[in-house]
Amino acid sequence: MKSERVNLIRIVGLSVASCLIYTLLLGASYQYFYTAAAKLALFLAAPVCYYFLSKRGRLADLFCLRGDKKYIKISAWLGVAAFAAVITAFFALRKQLDAQMILDGLAKEGITKAAYPYVFVHIVVINALLEEVFFRGFVFLTLFRLGFQRFAYVFSSVLFALYHIAMM
């Protein structure tokens, strides 16, 4: 049980440190492509560091979703439905949106018309996938598998919320 507690502290420390460092980087300089690369590095470094510190199992197990295929399919379809709802809302409300304000905001962040498709794919696919792998794949599942089920639910949810609040 002592090794599980040590691993609990490692997961909490590494995940909080990753989120704090990323938040500080965002505060210091918000150049989209650099912060995206930093997020990728931090959110992949934490599980790798945990793996080498804990020497438990295989590295791939930290990201592996094992479970009932029925629930994985349900989750995937719910994700598709949520995405469809967002796209539908966009098209329903597009006349109320100020397109020039959006374009000016993107330009201010260094996102040009040519770069927009790449940024869109990054935000919608890569960034979302990276956050899911980090918060639910690494933080939640690793804590859950260590036997800290209740803590896994609360900690991963609170960390995810605080991370997004800090980004605002």
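Please read these numbers as outputs of a predicted model, since none were measured by experiment. Sequence positions, counted from 1, serve as the residue numbers for this chain.
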From OG (Ser157) to CG (Leu162), nearest 0.5 Å: 10.5 Å
Minimum-distance pair of heavy atoms, taken over all atoms of Leu146 and Glu4: O-CG, 3.7 Å
Side chain to side chain donor-acceptor pair (under 3.5 Å) partners of Glu132, counting only residues at least two apart: Arg136
Connected-component partners of Trp77 among ILVMFWY, side-chain separation under 4.5 Å: Val80
Could you list the donor-acceptor pairs under 3.5 angstrom formed by side chains in residues 9-21, with sequence neighbours left out?
from, atom 1, to, atom 2, distance (Å)
Arg10, NH1, Asn7, OD1, 2.8
Arg10, NH1, Leu53, O, 3.2
Ser15, OG, Ile11, O, 2.8
Ser15, OG, Val12, O, 3.2
Ser18, OG, Leu14, O, 2.9
Ser18, OG, Leu42, O, 3.4

Distance (rounded to the nearest 0.5 Å) between Phe138 CZ and Phe43 CZ: 11.0 Å
Set of ring-ring contact (aromatic ring centres under 6.0 Å, His included) partners for Phe160, sequence neighbours left out: Phe135, His164
Which residues share a ring-ring contact (aromatic ring centres under 6.0 Å, His included) with Phe151, sequence neighbours left out: Phe155
Inter-residue atom distance Thr142.OG1 - Tyr51.OH, 0.5 Å rounding: 13.0 Å
With Phe144 via side-chain contact (heavy atoms from CB on, under 4.5 Å) - residues at least two apart: Phe140, Gln149, Ala152, Tyr153
